[in-house]
Amino acid sequence: MYYTCQLHMSRRTIPHYEPLKIEPKWQKKWLKEKTYKAIENDKEKSYVLDMFPYPSGRLHMGHVRNYSIGDCIARYRRHLGKNVLRPMGFDAFGMPAENAAIQNNVHPSQWTKQNIKAMTKQMQRLGLFVDWDRMVVTCEPSYYRWEQWLFIQMFNKGLAYRKKSLVHWCPKCQTVLANEQVENGKCWRCASSVIQKDLEQWFLRITRYADELLEGLKTIEKGWPEKVVTMQRNWIGRSEGAMIDFTIEGRSESIRVFTTRPDTLFGVTFISIAPEHPLLASEAGLVPQEQKAVVDAFIQKTKKEDFSQRKLNLIEKEGIFTGIYVSHPLSKQRVPVYSANFVLMDYGTGAVMGVPAHDQRDFDFARKYDLPKKIVIQPLGRSLDPEGLQEAYTESGTLVSSDVFNGLDNLLAKKMIVDALSKIKMGESAVTYRLKDWGISRQRYWGTPIPMIHCESCGIVPEDEKNLPILLPKKAPLTGQGGSPLSQVNSFVKVKCPKCEGAAKRDTDTMDTFMESSWYFFRYASPNYEKGMFDKSLATYWTPVDQYIGGVEHAVLHLLYSRFITRVLRDSGHINISEPFAKLLTQGMVIKDGEKMSKSKGNVVDPDDLIAKYGADTVRAFSLFAAPAEKDLDWNDRGVEGLYRFLDRLWRFVLILHSATENENSVSDQEIQQDPVAKSAMTELQKAIKGVSEGIERFHFNTAISAIMELINHVSGQRSDFWSLSEKSQDDLSPATHLVWSKIKRQIVILCEPFVPHISEELAKQMNMQDMVSHQPWPLVDNLWIQEGKVTLVVQVNGKLRGKLDVPRGLSKDEVLTLAKENENVGRFIEGHSIAKTIYVPDKLINLVLS
RNA sequence: GCCGGGGUGGUGGAAUCUGGUAGACACACGGGACUUAAAAUCCCGAGGUUUAGUGAUAAGCCGUGCCGGUUCGAGUCCGGCCCCCGGUACCA
């Protein structure tokens with residue numbers, strides 16, 4: 001495995017780049033010496049965090065990409081002198097473990113532990129910058145104990161509560177899903193169609209923080225992708241409007257509607273309510289006898305319709321007259337009440353005022369059922385009439401047919417009408433949110449048990465904190481059928497009530513796994529802390545996370561829940577921050593042949609195979625080089641080969657520089673200036689330092705790596721015999737070149753360390769460098785060398801490129817103009833014309849504008 | 001529909017923040033050197049097109065989805081449109 005330098009017949013040989021030999025050695029050393037351990041100190045801290053993985057069994061390329069990015073940032077920041085924390089852990093509760101248990105008869109805990117072990121090994125084989133002493137595994141009782149404790153605190157503050165409600169239910173996973181876990185009417189995990197069930201469940205009152213979560217986005221929007229901020233904003237879905245009461249004819253109660261357009265109140269020609277609305281239930285006794293049969297039939301029919309389809313607006317608008325009438329709160333006119341399938345019970349009040357002239361849905365509905373359209377807003381300079389109206393007019397305008405509000409601008413009218421309603425207690429301004437409370441009960445085994453007890457005499461009682469953790473029983477029947485597995489474990493269910501000591505039952509649901517991931521980043525500050533969720537002073541030192549990296553798929557789930565829980569912890573005095581993640585980088589997917597990598601498509605690339613073939617450095621470097629971080633990365637096997645070849649080139653490049661520059665003598669800057677070879681090499685080195693630094697800072701890792709390639713291309717091109725140089729060649733290198741090359745060999749290993757740490761450390765060692773590369777400071781750009789020297793100045797005539805001038809920097813406009821006119825090609829274009837104007841950008845270009 | 005992001009060679013992408021040589025760097029391709037041969041390695045070439053020249057080459061024109069504008073100068077800024085990707089949705 002040795003090749004001999006060709007031209008010089010040198011006795012010296014340079015061993016080939018052999019990643020598989022050098023990588024394990026360094027990985028062992030890093031682990032043994034705890035090279036990347038984070039210890040609190042006086043330096044500026046930097047907390048770099050990747051979203052922790054679910055222990056599915058094996059790393060996939062998405063993980064590799066994620067960790068390569070985080071690793072690069074962590075390493076770079078350490079070189080900059082920051083105190084870097086880069087921890088790793090596992091989001092270890094969840095369904096796949098339980099499914100594996102059902103299918104293969106392995107205990108979820110065993111399955112999970114095996115996977116954690118295997119995946120940890122894979123990560124170590126990648127050579128990640130990680131403080132392994134801070135590992136957090138969420139299925140450990142020492143972790144979930146504090147989650148149970150948090151739940152009790154939230155219960156005591158009214159932030160955790162139980163209610164019966166319609167919830168999303170996945171028939172395949174046999175469990176409830178949160179709103180955020182339903183995508184297009186399908187389960188986020190298994191893609192089964194979700195159905196609705198009426199169940200009693202635990203909820204966390206995230207809506208109490210709705211406004212704050214919305215406002216808080218302003219403080220982080222600079223550090224987060226705009227896309228994610230927008231998604232959260234839309235998800236919270238704040239809308240301002242009014243609640244308005246329509247009194248039911250012959251009754252004292254009223255139907256309350258929510259509207260964002262109180263200015264169109266006089267345009268109401270009907271009311272529509274959701275089929276599930278309680279007023280339609282028989283108990284309410286509102287629907288007249290003669291209408292009862294048809295109304296019930298309509299309700300039944302709508303209920304049968306696929307709920308998700310109804311939400312997705314795929315079903316034609318349908319409705320039925322309920323026989324109920326209400327009275328308009330201001331005009332006192334009689335208004336019919338319809339039940340309509342497009343009105344949703346879970347938003348607003350489940351009842352809507354129908355204004356066909358100014359709302360498109362109402363317009364469609366009115367057209368179908370031949371209901372009148374009343375125009376109450378006229379646009380400026382036009383006059384709408386109900387007969388000619390082809391669609392609802394939803395823009396602004398002036399109020400008409402609206403009693404005392406006629407002539408008002410509609411924006412002003414909004415406020416005036418709500419005021420008028422408030423006075424007679426028939427309405428008030430109101431804000432609604434799309435965001436709903438977070439349902440966290442899961443009828444599954446492999447999760448954190450909810451530390452609550454149901455007592456017949458005392459009601460719902462929290463477990464005594466002394467008894468935490470409430471351990472998940474080791475044995476439970478796992479069949480995937482028949483509700484919570486824990487309900488079948490007698491020893492778990494039967495407890496004494498902490499209040500009255502009477503016989504009571506434990507809650508048998510477990511918490512949504514998103515609970516664990518909502519605070520793990522605090523736990524890393526003190527992973528083994530036993531007196532609470534985390535040590536406040538340590539968490540205060542490290543958090544917020546300075547740079548968070550992960551997939552965009554968590555834009556509203558994990559990233560919103562974490563912001564919520566952080567605020568809960570803040571309000572109970574456990575931490576002083578509101579926002580857990582100061583900066584967020586969402587990396588794109590790894591795709592192959594235009595499709596997402598997946599087993600079913602058979603286009604999965606296994607990181608282990610690649611590491612076994614090319615080594616970790618190649619895999620890491622490729623995943624950074626092939627595309628900008630935030631874009632999708634199209635996997636390309638040839639590209640990997642290319643990166644491997646580059647690393648081989650890097651390897652030989654550094655060793656050749658080394659063998660050619662073993663004896664260094666001191667040379668002044670001036671001597672370098674006067675030596676063209678040395679000087680241009682120096683300039684290229686400075687450009688590379690600049691390019692790599694800026695690339696990493698802007699997360700343009702692809703251009704950062706190309707800056708290193710350019711340096712190698714340039715220096716190796718300085719001599720035609722470069723690739724066969726040896727120590728013999730020292731004699732024919734100028735002292736200045738000798739020095740600059742020597743500088744390059746020392747600095748290039750630092751520049752490439754964030755991308756390819758193994759090869760970098762190994763090269764440093766082979767060059768007998770004292771310290772490990774990871775402890776070296778980042779080289780600073782010496783602008784002197786970049787600014788020095790000649791520049792290529794562009795000459796334009798009328799904005800078109802006509803010539804180039806190689807000139808020294810800092811020439812005056814007149815000097816350049818004279819040179820430009822002398823240029824033969826430029827001369828051809830200006831001949832016979834006079835120059836009307838000259839634009840000169842120093843050291844860049846001159847543009848001659850002809851008259 | 002609404003909200004984001006994007007559209008640049010055969011391909012991934014650079015230059016876009018801050019208007020100033022479009023195509024860095026790489027992949028793929030083609031040619032050459034080395035080799036008995038191959039691999040590896042090294043070197044060279046390359047957006048399209050036209051003109052002149054045997055030729056190396058020189059020069060012109062066109063070119064960053066489309067149309068228009070601002071500017072001495074637009075891939076970059078502004079207005080309008082088309083297409084692709086992602087998110088979201090009877091949200092009252």
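All chains are named by letter (A, B, ...) in the order of the sequence lines, taking the proteins before the strands, and each is independently numbered beginning at 1.
For the pair A/I236 CD1 and B/A89 P, the interatomic distance rounds to 14 Å; values are reported in whole Å. Look at CG on A/N847: it is 13 Å from C1' on B/G19, rounded to the nearest Å. As rounded to whole Å, 15 Å separates atom C1' of B/C2 from atom CG of A/D359. Remark: C1' of B/U11 and CH2 of A/W635 are 17 Å apart, rounded to the nearest angstrom.
When the C1' atom is used for both B/A38 and B/U50, the distance is 43 Å, rounded to whole Å. Rounded to the nearest Å, the gap between the C1' atom of B/G63 and that of B/U49 is 10 Å. Taking atom P in both B/G75 and B/U70, the straight-line distance is 16 Å, to the nearest Å. The separation of B/G60 from B/A74, taken at their C1' atoms, amounts to 22 Å, rounded to a whole angstrom. Comparing B/A89 with B/G7, their P atoms are spaced 27 Å from each other, to the whole Å. With C1' as the reference atom, B/U21 and B/A15 are 11 Å apart, rounded to whole Å. As rounded to the nearest Å, B/C27 and B/A46 have C1' atoms that lie 14 Å from one another. Comparing B/C85 with B/G80, their C1' atoms are spaced 22 Å from each other, to the whole Å.
Nearest nucleotide to the A/W235 side chain, out of B/C72, B/A14, B/A89: B/A89. The side chain of A/V343 lies closest to B/A92, out of B/C42, B/A14, B/A92. The side chain of A/I839 lies closest to B/C72, out of B/C72, B/A92, B/A15. Of the candidates B/G13, B/G20, B/C91, the closest approach to any side-chain atom of A/V841 belongs to B/G20. Ranking B/C3, B/A15, B/G73 by closeness to the A/N234 side chain, first place goes to B/C3. For A/R434, the listed nucleotide lying nearest its side chain is B/A89; candidates were B/A92, B/A15, B/A89.
Considering only side-chain N and O atoms, A/S239 lies under 4.0 angstrom from the phosphate OP1 or OP2 of B/A92. The side chain of A/R652 contributes an N or O atom lying less than 4.0 Å from OP1 or OP2 of B/C42. Taking only side-chain nitrogens and oxygens, A/K227 never comes nearer than 4.0 Å to OP1 or OP2 of B/G87. Contact annotation: A/R802 side-chain N/O to B/A59 OP1/OP2 distance is not under 4.0 Å.
A/M61 and A/V619 get closest at one heavy-atom pair: CE-CG1, 4.0 Å.
The side-chain tip of A/R361 does not point at the ring of A/F342 from less than 6.0 angstrom away and within 45° of straight on. With A/F266 as the aromatic partner, A/K374 does not meet the cation-pi criteria of under 6.0 angstrom to the ring centre and within 45 degrees of the ring axis.
Taking the six-membered ring for Trp and thresholds of 30 and 60 degrees, A/Y369 and A/F365 have ring planes inclined between 30 and 60 degrees apart. Ring planes of A/Y17 and A/Y644: tilted class, angle from 30 to 60°.
Judged by closest nucleotide on RNA chain B, A/P628 is the one of A/F829 and A/P628 placed further toward the 5' end. Nearest-nucleotide positions on RNA chain B for A/T230 and A/G237 put A/T230 closer to the 5' end.
Here A/P225 lies out of heavy-atom contact (under 4.0 Å) with every strand. Heavy atoms of A/V849 sit under 4.0 angstrom from primed sugar atoms or phosphate atoms, though from no base atom.
Between the side chain of A/H358 and the backbone N or O of A/I377 there is at least one donor-acceptor pair closer than 3.5 Å.
Under the 6.0 Å cut-off for aromatic ring centres, A/F722 and A/F653 qualify, their centroids lying closer than that.
Look at A/R256 and A/E428 and you find a salt bridge, because one of the NZ, NE, NH1 or NH2 atoms lies within 4.0 Å of a carboxylate O, short of that distance. Electrostatic pairing of A/K414 and A/E240 does not count as a salt bridge here, judged by no charged N lying under 4.0 Å from a carboxylate O.
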- [ ] Before giving the answer on salt bridge (charged side-chain N to carboxylate O under 4.0 Å, His left out), spell out for A/R652 and A/D648 the whole-Å C-alpha distance, their side-chain angles and the decisive distance to 0.1 Å.
- [x] CA-CA 6 Å; A/R652 287 180 289 124; A/D648 182 50; 3.3 Å; yes
TODO: Determine which bases of RNA chain B form Watson-Crick or G-U wobble pairs with both distances under 3.5 Å, and write the result as a 5' to 3' dot-bracket string with | for other-strand partners.
DONE: (((((((..(((.......[....))).(((((.......))))).((((((....))))))..(((((..]....))))))))))))....
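Within a 6.0 Å radius of NZ in A/K613, no more than 12 heavy atoms belonging to other residues, nucleotides or ligands are found.
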Open item on the list: Return a single string for nucleotides 21-27 of chain B, one symbol per nucleotide in 5' to 3' order, where B is base contact, S is sugar-phosphate-only contact and - is none, cutoff 4.0 angstrom on heavy atoms.
Closed with: B--BBSS
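With a glycosidic angle more than 90° from 0, B/G10 adopts the anti conformation.
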